[in-house]
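As structure tokens, the structure follows; a few thoughts come after it.
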Amino acid sequence: MPDGRIPQIGVVFPRTDALTKVSGEEKFAADYYGQDLVWAGVKRAGIPHARLKSLDVDQARQVPGVIAVLTHLDIPGENRQGVVRKDQPVLVDDKVRHAGDALALVLAESKPALAAALNSIRCELEPLPGVFDPEQALAEGAPLVHEDNPEGNLLLKAEVKTGETESVWEECAAVIEACFETPHQEHCFLETESGWAKVESNGKIVIVASTQTPFRDRTEVAQVLGRDHTGIRVIAPYAGGAFGGKDGITVQSLLGLAALHSQGRPVKMWWDREESFSAGTKRHPARMYYRLGAKADGTLHAVEVRLYLDTGPYDHLGGAVMTQAVEHSGGPYRIPHAWLRGWAVYTNNPIGGAFRGFGVAQVTAAMEQMMDLLAAKLDLDPVQIRLKNAVRRGDKNCVGVTLTGSAGLSECLEKMAAHPRWQERQTWIRAAGLLKRRGVGLAAVMQAVGYGPFVPDVANAKVELTLEGKIRVYSGVVDMGQGNAATNLQIAGSILSQTPAQMELILPDTDRTLPSGSASASRCTYTFGNALIGAAQALKERILQRSADLLMAAGPDELVLVSGLVRRVTTGQEIPLAVLAKWLTDAERIAVYRFRAPVAQERPAKDDQVRLHGLPHCIFSYGAHLAMVEVDELTGAVEVKGYLAITDSGRVLNPQTYEQQIHGGIVQGLGYALSEDFRVTDGLIQTSDLATYIIPTAMDVPDMLSIPVEINEPTGPFGLKGVGEVAMNGPLPAVANAVAAACGGRCYSFPLTSERVLQLMTAS
Amino acid sequence: MKINFILNGREIELTVPSDIRVVDLLREELDLTGTKESCGSGECGACTILVDGQSRLSCLMLAAQLQGREVTTIEGLAGNEGRHPVQEAFVQAGAVQCGFCTPGMVLAAVDLLGHRPDPSRAEIREGLSGNLCRCTGYQKIVDAVEMAVHREKG
Ligand code: FES
Ligand code: FES
């Protein structure tokens, strides 16, 4: 263990998982092999839209070393899956709807045999005209992605209207109109989609997967296999990164199916990077039309937004992402008149899905540039115009929800205004070298915490006093790298006064831990932490009460819990926890507690579908970001020289894990802003590897400064709010505002590659 | 074919297919899954191992290239000492998140410090630029390498 001390809240507690990860011992899903391993792989379509005429797998079945070749005909249950709308086939049965669609599943003795068999599958595909732009997809006569969808290519529309929509624009002293486009973003987790499965002797299918959603996966796999969910067990080890890209089924259903045909042998599937790019989900590309108006003093008066999100051929979580984008599209501001609309649209492009920020990264990119455009037009200071309009506790936000929780945006902005990096920016800008231009840009950010009003945002925590006298914590929510598993030990350890050595951790496992929802939505420690506090306190009370009885003390007040034992402070008597455990029944050694996150009571959208998809939320994290950039006049290359993020995500439990989330979010955001130029032409990915899709390296990013504004969130565990996503939303607009300041003009399409910036400088 | 090499301090002799990649040999035949694969084409550094003390990408090497060499994987880095100073610094500095890049990153850092015992932050960034990490934003990794240097100095 990294530290022999009892963990406390608010101080650095080195992550326990770091020990096994740094030594190479930690077993990720990708690290499962085993005796008699069978390799499973998928034949992908390779074209974006086509009718499946026939599939000839006979030759593939003859390849030496092939165990089985399976098609949609072999699926025992329902061949459609999806988190909200079930519109994605496990194996194509009628139509190919994007190039990464799966046609057949092969099981083989070895990787070479697998590759040979996949190559010898013959498929007759009749190409269909495709649709690759969300607005064109909504036009009359556009090719249909799902002929059976009554709304054509529209997956979901969301609309929120507050105040007036018509006369308000004349009341504005300044009105800005603009359209912004943001691209796909690929998650690029280092552990590509992977898993391992086996049918146990009792008939149960065990699936070990790199996933954010083991409990939901179990239900989905059960439906595909036509079984009861009790016949399936999903185990979720530490994931090697996920960021939303493992929120939902990747390999799980295919592996479950494969396991049914492997004669009891373990089966492994591990997508390579190219397959991860083609079959995995991405951040939705967005086209965003904005109109924003303010009074002469900078008071925001009206906003009108139209968002088009390209969800590819399947819902996945596209409806929910778009709804969340609409909810955040007016920014963290008070705006009395707002008309916010969004469309999630089917196309034949790669699949859009959850990605850190969940729609908010896109709209923040647009809205925060609108704020700078407006500030420039009214000749106002960019910090001051944001501060003037920032939502405060008790205000209504842009969808009309009264903010009852903590709201620290003003505090973040005030700190920003006073910070030397902002105060002394002109000096820094003037110090630009020869053929360099410098600029400093800002962005205000926010991110909702949790699922919203409809889908129960629930966690069930379980804590056990083992017979060996250890405290065992059952993590219900996956740790995909964010460190919540270690945070669970920190929380339980601090309540039960146990050192890490006295504790054990069980990672999410549908047979052992309790359902607690997905690792997503900035909810992991907020929701599960609240449940865990309840469970740990219940266990503590029981331990103290039973010890008091055993020691014939008047009551538990005479007793304290310290690491490994209970001490009666009035007499000095001690009971080791291992001894106490033997006096308890099995049921008494376990405490469970359920927590459901609070929900907003307002109903800003008339359509119940919008509510079902998550609008509105009631708890938000906030922040103010600053980027310092230097542009090369000859090449157009943008270098980020400094970055500052001031964040209100409530109280900080572990400053180190907290900063990890801020740093990671910023750098993922800097990639989104500058280098991650995901290119798709007519449904075919042109950037299909890490040589052509460029994520930041250690050399591309600056040292960052993160300052927490620790406002207590009354509903949070120890006052915390989620911090996993909020930092992702700032870099694109902050960098764009800085580049605009440096270049005297603005790009409206992203990322800001050197070609785009060079063109901009030539034009302006 | 038969090959002999030293793996994590122990001489071994193996019969392997001539076209097997080192990353597969380690992971599938020798159960050393600490060496990760993330791109299979030399772009990410997750598969980094040390060959005769130099960092090498095991996804781009064939087993035959190990003949007579001394190979260190993450599992063998610390020898009998618990944790190598660079591993310890990664833990303490908070340089590990999902951990999938970590073994390769640690070995790349060890190689870097072998060449340059007292690097600047910019030199650390440059030295690790062949290893991608999608979680940390690299700052705490750079901190960890600095921490390892300072602890060594004492
Ligand atoms: S797996 Fe070898 S460099 Fe990526
Ligand atoms: S810690 Fe996840 S990729 Fe580096």
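Just so it is clear: chains get the letters A, B, ... in the order the sequence lines come, proteins before strands, and each one is counted from 1.
Shown here for A:Gly24 and B:Ile74, the closest heavy-atom pair between the two residues is CA-CG2, 3.7 Å. Closest of all the heavy-atom pairs between B:Pro103 and A:Lys21 is CG-O, 4.1 Å. Closest approach of B:Tyr138 and A:Thr697 over heavy atoms only: CE1-C, 3.3 Å. What you find for A:Ala239 and B:Cys98 is that their closest heavy atoms are O-CB, 3.5 Å. Residues A:Phe243 and B:Cys135 share a closest heavy-atom pair of CZ-SG, 3.7 Å. Residues A:Leu190 and B:Ser38 come closest through the heavy atom pair O-OG, 2.6 Å.
Distance check: B:Glu28 CD to A:Lys268 NZ gives 8.0 Å after rounding to the nearest 0.5 Å. Note: A:Asp700 CG to B:Ser129 OG = 8.0 Å, rounded to the nearest 0.5 Å. One finds the CZ atom of B:Arg83 at 8.0 Å from the OG atom of A:Ser23 (value rounded to the nearest 0.5 Å). Expressed to the nearest 0.5 Å, how far CD of A:Gln668 lies from OG1 of B:Thr136 amounts to 10.5 Å. Between atom OG1 of residue B:Thr33 and atom CD of residue A:Glu26 there is a gap of 10.0 Å, rounded to the nearest 0.5 Å. Interatomic distance, B:Leu132 CG to A:Ile695 CD1, rounded to the nearest 0.5 Å: 4.5 Å.
B:Glu43 and A:Arg273 are not joined by a salt bridge, as no carboxylate oxygen comes within less than 4.0 angstrom of a charged side-chain nitrogen. Remark: A:Lys111 does not engage B:Glu37 in a salt bridge, criterion side-chain N to carboxylate O under 4.0 Å.
Annotation for B:Arg69: atom CZ does not count as buried by contact number, only 12 or fewer foreign heavy atoms lying within 6.0 Å. Within 6.0 Å of the CD atom in B:Glu13, the count of heavy atoms belonging to other residues, nucleotides or ligands exceeds 12. Shown here is B:Gln65, whose CD atom has more than 12 heavy atoms of other residues, nucleotides or ligands within 6.0 Å. Other residues, nucleotides and ligands contribute over 12 non-hydrogen atoms within 6.0 Å of the CZ atom of B:Arg121. Atom CG of B:Asp31 has 12 or fewer heavy atoms from other residues, nucleotides or ligands within 6.0 Å.
The backbone N or O of B:Arg27 sits nowhere less than 3.5 Å from a side-chain atom of A:Tyr33 that would complete a donor-acceptor pair. Checked by atom type and distance alone, the side chain of A:Arg15 never pairs as donor or acceptor with a backbone atom of B:Gly94 at under 3.5 Å. Between the B:Arg125 side chain and the A:Val701 main chain, a donor and an acceptor come within less than 3.5 Å of each other.
Taking chain B as the reference chain and counting heavy-atom pairs below 4.5 Å, the highest number among A:Ala691, A:Pro702, A:Gly665, A:Ala486 is found for A:Ala691. Taking chain B as the reference chain and counting heavy-atom pairs below 4.5 Å, the highest number among A:Asp703, A:Val667, A:Leu690 is found for A:Asp703. If you tally non-hydrogen atom pairs under 4.5 Å between each of A:Lys27, A:Met704, A:Glu274, A:Met480 and chain B, the highest count goes to A:Met704. The residue among B:Gly99, B:Cys133, B:Gly34 with the most heavy atom pairs within less than 4.5 Å of chain A is B:Gly99. Chosen from B:Asp24, B:Asp143, B:Val86, B:Leu128, the residue pairing most often with chain A at heavy-atom distances under 4.5 Å is B:Asp24.
A:Glu659 touches chain B through backbone and side chain together, each having a heavy atom under 4.5 Å away. Contacts between A:Asp272 and chain B at a heavy-atom distance below 4.5 Å are absent for every atom of the residue. Only the side chain of A:Asp17 comes within less than 4.5 Å of a heavy atom of chain B; its backbone N, CA, C and O stay farther away. B:Ala46 touches chain A through its side chain: at least one heavy atom from C-beta onward sits under 4.5 Å away, while N, CA, C and O do not. Neither the backbone nor the side chain of B:Ala122 comes within less than 4.5 Å of any heavy atom in chain A.
Looking at heavy atoms from C-beta onward, B:Lys140 lies in side-chain contact with A:Gln660 at the 4.5 angstrom threshold. With a 4.5 Å cut-off on side-chain heavy atoms, A:Leu19 and B:Val91 count as touching.
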